[in-house]
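Numbering of ligands and ligand atoms starts at 1, following listing order. Numbers here are sequence positions counted from 1. On a predicted model such as this, the values are computed, not experimentally measured, just so you know.
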Amino acid sequence: MTKITFVATDGTRFAVDAEDGLSLMQAALHHDVPGIVAECGGCAACGTCQVHIDSAWIGRVPPAEPLEASVLAESENDHTNLRLSCQIVIDATLEGMVVEVAAAQR
Ligand code: FES
């Protein structure tokens, strides 16, 4: 388990013990974090799982693959540290990570 803190768009914080091997998107859904829709189920197609990774942690996650980058390029959100949460797999190196749910989900 890895501790991840999700911050909803209203500022509510959800500190969860997330199962390693799940994506951030799956962990958010399992813990009822509001704002993550995940219409496509995690295949980087829908853009409804967008999050901002805290600056302290962005260097610990692999860069976006081309498909993810193409979806994010269309996003209305501030692109700073913007990622699709379905494309980030949780492991122990992410212990303590803070993730903000992005305002727009499309
Ligand atoms: Fe659809 Fe992440 S769940 S892009």
Original post:
Any link between I36 and I88 through a network of hydrophobic side chains (Ile, Leu, Val, Met, Phe, Trp, Tyr) touching at under 4.5 Å?
Top reply: yes
Original post:
Do E95 side-chain atoms and K3 backbone N/O form a donor-acceptor pair below 3.5 Å?
Top reply: yes
Subject >> Opening angle at atom 2 (Fe) of ligand 1 [SG, C86; SG, C49; to 10 degrees] >> reply: 100°
Subject >> For the student: nearest non-hydrogen atoms of A69 and A64, plus distance >> reply: N-CB, 4.2 Å
Original post:
Which of the numbered atoms in ligand 1 are below 4.0 angstrom from a heavy atom of A44?
Top reply: 4 (S)
Original post:
When you measure from atom 4 (S) of ligand 1 to every protein heavy atom, which one gives the shortest distance, and what is it?
Top reply: G47 N, 3.3 Å
**OP:** Select one of side chain, backbone, both or neither to describe which atoms of A45 lie under 4.0 Å from any atom of ligand 1, heavy atoms only.
**Re:** backbone
Subject >> Member of H31, Q26, M25 meeting the side-chain contact (heavy atoms from CB on, under 4.5 Å) criterion with L29 >> reply: M25
**OP:** Identify, by atom number and element, the atoms of ligand 1 in contact range of G42, meaning under 4.0 Å from any of its heavy atoms.
**Re:** 3 (S)
**OP:** Heavy-atom contacts with C40 under 4.0 Å: which atoms of ligand 1 show up? List them by number with element.
**Re:** 1 (Fe), 3 (S), 4 (S)
**OP:** Might you point out which heavy atoms bring H52 and D78 nearest each other, and give the distance in Å?
**Re:** CE1-O, 2.8 Å
